[in-house]
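Just the heavy atoms: all of them, side chains too, but no hydrogens, waters or symmetry mates, feed the values below. None of these values were measured; they are calculated from a predicted model.
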Amino acid sequence: MKRHIYRVLVSTLAFFLAAQFLPIVAATPLHFLWAGIVLGLVNLMIRPVLIILTIPLNLITLGVFTLIINTWMIMLTSGLLPGFYVPGFGVAFLVGLMVSLANWGFKEMR
């Protein structure tokens, strides 16, 4: 449980930092926290199903397709949360990369 809370907070911080460099629109700063929570829920419920369904594609691309799944999760978060908007696949890909690196870095620090 504690690990999920840390991941939500790290994702929130990553969204906030990504918004400083990329054209991410959030109605209020609180929307970054909500985006972290929604991304955590999406990653908890939907991402495992997509990972299992795309195992052959992941094997062919040596795991690189996971980045595309992360991008879809960012786009889904943007679609589910009014007041938080990530424009386009390219921006969502970069945000997904930043969130993944932030979560990986946090995991390595613990």
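Hydrophobic clustering (ILVMFWY, side-chain heavy atoms < 4.5 Å, transitive): Ile52 and Leu59 are in distinct clusters. With hydrophobic clusters built from ILVMFWY side chains whose heavy atoms lie under 4.5 angstrom apart, Phe84 shares a cluster with Ile46. Tyr85 and Leu81 end up in different hydrophobic clusters when Ile, Leu, Val, Met, Phe, Trp and Tyr side chains are linked at under 4.5 Å. Under the 4.5 Å side-chain contact rule for hydrophobic residues, Leu50 and Met45 share a cluster. When the side chains of ILVMFWY residues are joined at heavy-atom separations under 4.5 Å, either directly or via intervening members, Phe89 and Met73 end up in a single hydrophobic cluster.
To the nearest 0.5 angstrom, Leu33 atom CG is 4.5 Å from Thr12 atom OG1. Separation of atoms NE2 (His4) and CG (Leu41) is listed at 10.0 Å; rounding is to 0.5 Å. Expressed to the nearest 0.5 Å, how far CD1 of Ile37 lies from OG1 of Thr77 amounts to 11.5 Å. Rounded to the nearest 0.5 Å, atoms CG (Leu76) and CG (Leu80) are 4.5 Å apart. Once rounded to the nearest 0.5 Å, the distance linking CG of Leu67 with CG of Asn58 reads 9.0 Å.
Using a 4.5 Å cut-off on side-chain heavy atoms (C-beta onward), Val86 and Met75 make no contact. Put simply, the side chain of Asn70 does not reach to within 4.5 Å of the side chain of Val99, judged on heavy atoms.
Side chain to side chain, Asn43 and Arg7 fail the donor-acceptor criterion of an N or O pair below 3.5 Å.
Phe16 and Phe32 have their aromatic ring centers within a separation under 6.0 angstrom.
Between the Thr66 side chain and the Gly63 main chain, a donor and an acceptor come within less than 3.5 Å of each other. One N or O on the side chain of Thr61 and one on the backbone of Phe65 form a donor-acceptor pair closer than 3.5 Å. In this structure a side-chain-to-backbone donor-acceptor pair under 3.5 Å is missing from Ser78 to Ile74. Listed for the His31 side chain is a donor-acceptor partner under 3.5 Å among the backbone atoms of Pro82. In this structure, Ser11 contributes its side chain and Gly36 its backbone to no donor-acceptor pair below 3.5 Å.
Using cut-offs of 30° and 60° on the angle between ring planes, the pair Tyr6 and Phe106 is tilted.
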